[in-house]
Number of protein chains: 2
Amino acid sequence: MRRDIFQAIADPSRRAIIALIALQAMTPNAIAEHFDTSRQAVSKHLRILTECELVKPEQRGREIYYQLEINKMKEIDKWLDQFRKIWEKRFTQLDTLLSTLKKPKK
Amino acid sequence: MRRDIFQAIADPSRRAIIALIALQAMTPNAIAEHFDTSRQAVSKHLRILTECELVKPEQRGREIYYQLEINKMKEIDKWLDQFRKIWEKRFTQLDTLLSTLKKPKK
DNA sequence: TATATGTGCAACCAATTGATTTCGCAATAG
DNA sequence: CTATTGCGAAATCAATTGGTTGCACATATA
């Protein structure tokens, strides 16, 4: 029952929702209109996204606008850091190798 | 049945496996010893990781070493780009706001 | 050759997931 | 007040998931 952000973005529908509301907060109905799915299905996804704080609801009259918590996305970025170190290192090694091959003299 | 990388990293066990073999390729048995789980369970995770090309098996005698395909991780990084643009923009806006508040005289 | 070891794979099972349907509630409109 | 609209929550269902168990097979070792 514990939600984490990685599980949240695992579903393609949720990634689509995230991308959609990234620039502008939207209501569940408005979101559902963009996809071939029911309002309730979207609502369920929004519940999951809200639970892991990737999205924040904001009541405006009887409508609820859902906004992306962009800062939460940084957690993924942070997780990637451990691998980023590795691929940058490999790139540097490759770079060194290439320049060694390019100037074989000396 | 279609695997993608986001589903692959959704599972905590798989993230742990990825992190473990990031620096050094390992056999299924060796990996399983690091966790409180069976060899077969690890093998299943490796199958999923291999299917989406996040991991590559390398036969050495009767052992199979699994190595992380670090380049595949960049796909996540690439997906994050669309949001990175946004949070950098927000940061700049905040920065502008703060500097405006700091020097109200002019 | 016989035995032990490292592995993948299929069968099976409980738990979870994503979607639909139905309902109830609150805010707005008539 | 009554009807409509926007919404969340519960019930339900098929499909998927992660795990275990039991095999089969190939490579080493005795």
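Predicted, not measured: the structure shown is a model, and the values here were computed from it. Every chain is numbered from 1 and lettered A, B, ... according to where its sequence line falls, protein lines coming before strand lines. Side-chain atoms are counted along with the backbone in the values below, which use heavy atoms only and exclude waters and symmetry mates.
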Would you indicate, yes or no, if C/dA19 has its OP1 or OP2 atom less than 4.0 angstrom from a side-chain nitrogen or oxygen of A/S13?
yes
How close or far is atom P of C/dG6 from atom CE of B/M26, stated in whole angstroms?
14 Å
In whole angstrom, give the distance that lies between atom OH of B/Y65 and atom C1' of C/dG8.
18 Å
Earlier contact from the 5' end, DNA chain C, for B/S43 and A/I48:
B/S43
Can you check whether B/T37 has a side-chain N or O nearer than 4.0 Å to OP1 or OP2 of D/dT20?
yes
Please determine if a side-chain N or O atom of A/H45 lies less than 4.0 Å away from the OP1 or OP2 oxygen of C/dT17.
no
Atom-pair distance (CZ on A/R15; C1' on C/dG18), nearest Å:
15 Å
How close do B/V42 and B/T37 get, heavy atom to heavy atom, and via which atoms?
CG2-CG2, 3.8 Å
Please tell me which of the listed nucleotides, D/dC7, D/dG18, D/dT20, lies nearest to the side chain of B/Q40?
D/dT20
Heavy atoms from C-beta onward define the side chain here; which of C/dG18, C/dT7, D/dG8 lies closest to that of B/N29?
C/dT7
Donor-acceptor pair under 3.5 Å, B/K44 side chain vs D/dG19 base
yes
Using whole Å, report how far CD of A/E33 lies from P of D/dT5.
13 Å
From CD of B/E58 over to P of D/dT27, roughly how many Å is that when rounded to an integer?
16 Å
From CZ of A/R47 across to P of C/dG18 the rounded distance in Å is 12 Å
Student check: side-chain heavy atoms of A/P28 and A/L46 closer than 4.5 Å
yes
Starting from P on C/dA26, measure out to CD on A/Q59 and report it in whole angstrom.
12 Å
Classify the nucleic acid contact of A/R14 as base, sugar-phosphate or nothing, counting any heavy atom under 4.0 Å across all strands shown.
sugar-phosphate
Strictly by modelled atom types, are B/Q67 and B/Y65 linked by a side-chain donor-acceptor pair under 3.5 Å?
no
Would you say the side chain of A/R39 and the base of D/dG8 hold a donor-acceptor pair, judged only by whether the two atoms sit under 3.5 Å apart?
yes
Nearest whole Å is fine: how far is C/dT16 C1' from A/E51 CD?
14 Å
Residue mapping more 5' on DNA chain D - nearest nucleotide basis, A/R62 or A/L46
A/R62
With a cut-off of less than 4.0 Å, is there a side-chain N or O of A/S38 near OP1 or OP2 of C/dT21?
no
Would you indicate which nucleotide in D/dG18, C/dG8, C/dG6 comes nearest to any side-chain atom of B/E63?
C/dG6
Please state whether the base of D/dT16 and the side chain of B/Q7 form at least one donor-acceptor pair under 3.5 Å?
no
Check: A/S43 side chain, A/R39 main-chain N or O, donor-acceptor pair, under 3.5 Å
no
Note: A/K72-A/E75 ion pair, threshold 4.0 Å (strictly below)
yes
CD1 of B/I76 to CG of B/L54, rounded to nearest 0.5 Å, is 7.0 Å
Looking at the side chain of B/I64, which of D/dG6, D/dT20, C/dT7 is the nearest nucleotide?
C/dT7
